[in-house]
Colleague: 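Mind having a look at this structure? Questions to follow.
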Amino acid sequence: MAYEKVNELNLKDTELRLGLPGTEEVIQEQEFSCVRSNKRPFESNDEEAREEEASTPPTKTQIVGWPPVRSYRKNNSSVSYVKVSMDGAPYLRKIDLKTYKNYPELLKALENMFKFTIGEYCEREGYKGSGFVPTYEDKDGDWMLVGDVPWDMFSSSCKRLRIMKGSDALALDSAL
Amino acid sequence: MYLRLPSKVLERILFFIDSNDDRNSVSLVCKSWFETERLTRKRVFVGNCYAVTPAAVVRRFPKMRSLTLKGKPHFADYNLVPDGWGGYAWPWIEALAAKNPLLEEIRLKRMVVTDECLEMIAASFKNFKSLVLTSCEGFSTDGIAAIASTCRSLRELELRECIVDDLGGDWLSYFPETSTSLVSLDFSCLDSEVKFSDLERLVSRCRNLKSLKLNRAVTLDGLESLLRRAPQLTELGTGSFSDELSPEALSKLSKAISACKQLKSLSGLWDVLPEYLPALYSVCPGLTSLNLSYATVRMTDLVDLLRRCKKLQKLWVMDLIEDKGLQAVATCCKELRELRVFPSEPDLEEPNVALTEQGLVFISEGCQKLESVLYFCVQFTNAALITIARNRPSIKRFRLCVIEPFAPDYKTQEPLDQGFKAIAMGCKDLQRLSVSGLLTDKAFEYIGKHAKNLGMLSIAFAGDSDLMLHHLLSGCKKLRKLEIRDCPFGDTALLENAWKLETMRSLWMSSCFVSFGACKLLSQKMPRLNVEVIDEMYPPETRPESSPVERIYIYRTLAGPRLDMPEFVWTIHKNPEIGVSHLAIK
C-alpha cells in the first residue's frame with residue numbers, strides 16, 4: 001500500500017541528518033508525488049499503478065501547477081510552435097511562425113537551423129538549384145509547397161514543415 | 001513630570017501617516033493611541049480575509065474609506081487549490097454595506113466575487129469611487145454593468161486577470177451619458193466585444209481618463225480612434241495588435257500613438273506583428289513600464305524597440321528576448337528596477353530559445369537599480385547566482401524558476417546551495433525569494449541564517465529532510481508567508497517550531513510528508529491557528545494518524561475556524577474529543 005511505504009519514509013525523514021539527497025529512493029518518492037498530482041492512491045490495487053509510475057519517469061506535463069505560470073497567462077499565450085523536419089536530419093526542430101514577417105525571413109532561419117541552402121523560388125517551377133524543397137502540411141492535411149500563397153495565409157494554416165531533399169524533391173520539381 | 005500627548009494633536013500627526021505598518025506600530029503604544037489611530041485610519045488592509053471577521057474590522061475602523069482584502073493562498077494561481085475552497089467577498093460587502101455607507105474603494109485579490117456582491121456595492125455606497133479586482137472570479141458582466149450604471153462617482157474600474165462569466169459586451173453601454181469621472185478603466189481580461197461607439201463616447205467625455213486597458217476584441221482601427229480622443233493617457237493596454245492594416249492606416253495609428261506625449265506605461269500588444277512595432281517607437285523614450293509578455297516577437301525586433309526605451313523601469317517580456325536581447329537591455333535601460341522573463345512555451349520538452357543564466361547576469365551587471373526579478377530558465381549555475389548577488393546587492397525580490405525540477409548546476413552537477421547562499425547573504429534587503437533547482441537542506445540553512453528581512457519564501461521540489469523546514473522556521477525572523485510543495489519533510493520540524501506559525505500570516509504545504517496526527521497536535525497546541533487540511537479523496541479521520549495529508553493551509557486568525565468550507569476542506573478542532581469536522585454553512 002502506498003501509504004505504508006510513505007510511512008517508512010516518514011521515519012527516515014524525521015532523522016535529523018545532513019547531506020546531499022542520498023538515495024535513489026528519496027528521489028523516486030519525490031517523483032511519485034509529482035506524478036500523483038492531486039491525488040494520493042491509498043488502495044492496494046494501486047500497486048500496479050505505482051509500479052508503472054516507477055518505471056516511466058514523470059514528464060513535465062504531468063506535474064500539476066508546474067512550472068508556476070498562471071493559467072490566465074497560459075491561456076492567453078499566443079505562442080504556437082510548428083514542428084520542422086528535414087529529411088535526413090536526426091531530430092526535429094520547432095519554430096514559431098508568428099515571429100517571422102515574410103517568406104525570406106523564414107527561409108533564412110530554416111537555412112541557419114539546418115545548415116543548408118534553399119534554391120531560388122519561382123512561381124512556375126518551385127525551388128530550383130539545391131535539391132531542397134520546403135513543404136508544409138496545411139489545416140486540411142495536404143502537403144503544399146512553401147511560397148505559393150500569401151504569407152499571412154500560410155502562417156495561419158501551416159501545421160508543420162518538412163524540408164524534402166534528394167529524390168523526393170526532384171520528383172516534386174519535375175511534377176511541377 | 002508626566003506629559004501626555006493630547007489626542008487631538010496625535011490625530012493631526014496621524015493625518016500624515018499613511019503606511020499601515022507605521023499605523024499598526026502606533027496602535028500598539030497604548031490604549032489611547034490605539035483609539036486615536038483606529039478612529040483616523042482610512043485605508044485598511046487585510047492580508048488574509050479569514051484572519052479576522054468582517055464585523056471586527058468594520059467595528060474597529062469606523063472611518064474606513066478603502067478596504068483591501070486577499071483571499072486564496074498564492075499557490076491557487078497554479079491550480080493547487082481546488083475550486084470552491086473559499087475566499088468569499090460577500091460577508092465583507094454585507095458587513096460594510098450595513099455599517100460603512102461612505103466606503104469609497106474596494107480592492108480584492110484572489111477572492112470569489114458574485115454578481116450579488118457587485119450589485120450590493122452599487123446599491124450601498126453612494127460615494128463609491130474605485131473597484132479593483134485582481135485574479136478574482138465568480139461574477140459575470142452583469143455585475144460589472146450594475147457598477148457602471150449606478151456608481152455616479154466611479155473613478156476606477158479595473159479587472160486584472162479575472163475569470164469572468166462573459167455574457168457579452170453590453171456592460172460598457174451601461175455607463176450613463178452623464179458619467180465623466182473615470183480615471184482608470186481596465187477590461188483587458190474580458191473576451192466579448194463592447195459596443196465600440198459607446199466606448200468611443202465614454203473615452204471622449206471622460207477628460208480625466210489616464211489609464212485605459214482594452215481587451216483583445218478592440219481592433220487597431222478602434223485603438224487609433226480612441227487614442228485620438230484621449231491623448232492625455234499615461235497608461236495604455238492595447239487590444240489585439242495584428243489586424244491587417246494598410247500603410248495609410250498604420251501611419252494614422254503611428255500618429256495617434258505619438259500624440260500621447262504623457263504615455264508612461266504600455267501593455268497588451270497581443271499577437272503583435274513585428275512590422276507594427278515601429279508604430280510604438282515615438283513613445284518609447286518616455287516609457288517607464290512595458291509589458292511585452294504577450295508579444296511573440298523575436299529578439300532582434302524586441303531589441304529595436306527596447307533600445308529606445310532609455311527610461312524604462314519595469315520590463316515584462318518572454319524568453320524570446322534571449323541572452324543577447326538582455327545584454328542590449330542591460331546597456332540601454334539603465335533605470336531598470338523590475339524584470340520579469342516568462343517562458344514562451346512552458347511545457348516544451350526541448351527548450352527552443354537561447355535564454356540562459358547569462359541573460360540575467362548581464363542585467364545584474366548593467367542595471368544598477370535592479371530590485372525585482374522573476375526569471376524562468378531551463379537551467380542555472382551557482383557561479384551565475386554568485387555573480388548576480390555580488391553585482392546587485394540591491395535586489396529585494398528574487399524569484400528564479402529553473403523549469404526542470406531537481407536540476408543541478410548544469411556545469412558542475414552540484415546542488416544550487418552555494419548560489420542561493422550568495423543571494424541570501426549578499427542581498428541584505430531581500431524580502432521575497434523563490435528557489436528552484438536541486439537544493440539540499442544546506443541551502444535552507446543558509447537562507448535561515450542570512451535572509452533576515454525575508455518576508456515571503458516559495459519552495460518546490462527541494463530539500464532532504466525536516467532540517468530544511470527547521471532552518472527556515474527558526475531562522476528567518478521576518479517570515480510572513482511560506483509556501484512549499486513537493487518537499488520531503490515531515491512532522492518534527494513543524495511541531496518544534498509551532499510557535500513561529502503565529503508570527504506568520506500563513507503556511508502552505510502540499511505533497512509533503514506531514515501526517516494527519518501532526519496536524520491534530522498542532523491545532524490543539526496552538527489556539528490561534530486554523531489548521532486546514534485539504535483532501536479531495538478522503539476525510540482525514542478515515543486514515544491512520546501517520547498517513548500524510550495532501551495539502552495543509554495553516555494561518556493565524558482571531559476569527560476561529562471558518563464556517564464556509566467545502567466538503568474537501570477539514571478544520572481540526574481545538575477540542576480533541578470533537579476531532580475533525582467540517583463545518584459548513586450554505
Side-chain angles (χ1 to χ4, degrees), chain A residues 2-4 6-7 9-22 26-27 29-34 36-42 58-61 63-74 76-81 91-96 98-102 105 109 152, chain B residues 75 77-80 82 135 161 163 189 244 270-271 273-275 293-294 296-298 301 318 320 342-350 352 376 401 403-406 415 438 440-442 460-461 464-467 485-486 488-492 511 513 515 536-538 543-544 546-548 550:
Chain A
Y3 73 81
E4 270 174 31
V6 159
N7 217 358
L9 258 187
N10 250 342
L11 290 175
K12 286 214 181 92
D13 273 336
T14 55
E15 255 179 73
L16 296 186
R17 57 187 174 86
L18 300 174
L20 293 176
V26 176
I27 305 287
E29 279 305 319
Q30 288 169 337
E31 287 177 351
F32 285 163
S33 75
C34 304
R36 264 184 220 137
S37 70
N38 284 347
K39 315 254 180 267
R40 283 182 185 272
F42 278 102
T59 59
K60 285 190 261 299
T61 47
I63 307 176
V64 171
W66 190 264
V69 174
R70 285 192 187 171
S71 25
Y72 177 87
R73 179 168 291 283
K74 277 193 185 152
N76 281 285
S77 168
S78 51
V79 170
S80 51
Y81 286 94
Y91 50 80
L92 274 57
R93 300 297 301 269
K94 268 190 170 183
I95 57 173
D96 182 5
K98 263 194 257 72
T99 64
Y100 299 95
K101 303 189 190 74
N102 48 44
E105 266 193 19
D152 287 334
Chain B
F75 272 179
D77 284 354
Y78 315 126
N79 297 335
L80 290 177
S135 301
E161 297 192 357
I163 299 175
C189 64
E244 275 196 40
W270 284 295
D271 306 325
L273 294 178
E275 55 266 35
S293 62
Y294 295 104
T296 43
V297 173
R298 280 176 312 139
D301 296 317
M318 282 201 274
L320 302 169
F342 296 97
S344 49
E345 197 165 325
D347 298 328
L348 199 55
E349 296 289 325
E350 294 297 322
N352 209 19
F376 283 83
C401 179
I403 298 183
E404 180 75 46
F406 313 117
L438 182 66
T440 72
D441 289 341
K442 268 247 165 266
F461 309 111
D464 315 305
S465 74
D466 274 88
L467 264 189
R485 63 165 295 178
D486 293 276
F489 63 83
D491 305 336
T492 315
S511 305
F513 294 128
S515 73
E536 285 180 291
M537 278 185 83
Y538 301 97
R543 287 189 263 112
S546 54
S547 68
E550 271 182 21

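We use all heavy atoms of the structure for the numbers below, so side chains are in, but hydrogens, waters and symmetry mates are not. All chains are named by letter (A, B, ...) in the order of the sequence lines, taking the proteins before the strands, and each is independently numbered beginning at 1. In this text the structure is predicted, and so the values were computed from the model without any measurement.
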Colleague: Checking heavy atoms, do the side chain of B:Pro343, its backbone, both or neither come under 4.5 Å from chain A?
Modeller: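 Only the side chain of B:Pro343 comes within 4.5 Å of chain A.
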
Colleague: ring-ring contact (aromatic ring centres under 6.0 Å, His included) with B:Phe342: which residues, sequence neighbours excluded?
Modeller: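 ring-ring contact (aromatic ring centres under 6.0 Å, His included) list for B:Phe342, sorted by chain: B:Trp316.
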
Colleague: Got A:Val69 and B:Tyr78 here, is their nearest side-chain heavy-atom distance under 4.5 Å?
Modeller: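 No; the side chains remain at least 4.5 Å from each other.
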
Colleague: For the CG atom of B:Leu80 and the CH2 atom of A:Trp66, what is their distance to the nearest 0.5 Å?
Modeller: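 Rounded to the nearest 0.5 Å, the CG-CH2 separation comes out at 10.5 Å.
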
Colleague: Hey, what do you get for CE (B:Met318) to CG (A:Asp96), rounding to the nearest 0.5 Å?
Modeller: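 B:Met318 atom CE to A:Asp96 atom CG measures 8.0 Å (nearest 0.5 Å).
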
Colleague: Taking all non-hydrogen atoms of both residues into account, name the closest pair between B:Arg485 and A:Ile63 and its distance.
Modeller: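 Distance-wise, the nearest heavy atoms are NH2-CG2, 3.3 Å.
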
Colleague: Sort B:Ser293 into side chain, backbone, both or neither according to what part of it lies under 4.5 angstrom from a heavy atom of chain A.
Modeller: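 Looking at B:Ser293, backbone and side chain both touch chain A.
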
Colleague: So do the side chains of A:Pro68 and B:Phe75 get within less than 4.5 Å of each other, counting heavy atoms only?
Modeller: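 In short, these two side chains do not touch, never coming nearer than 4.5 Å.
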
Colleague: Between A:Lys101 and B:Asp301, does at least one N-O distance fall below 4.0 Å, as a salt bridge requires?
Modeller: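 Between B:Asp301 and A:Lys101 there is a salt bridge, with a charged N closer than 4.0 Å to a carboxylate O.
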
Colleague: Nearest 0.5 Å, what's the CG-CG distance between B:Leu273 and A:Asp152?
Modeller: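 CG of A:Asp152 is found 7.0 Å from CG of B:Leu273.
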
Colleague: Calculate, to the nearest 0.5 Å, the distance between atoms CG and OH belonging to B:Asp77 and A:Tyr72 respectively.
Modeller: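 Answer rounded to 0.5 Å: 13.0 Å.
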
Colleague: Distance from A:Arg70 atom CZ to B:Asn79 atom CG, nearest 0.5 Å?
Modeller: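 These two atoms lie 12.0 Å from each other.
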
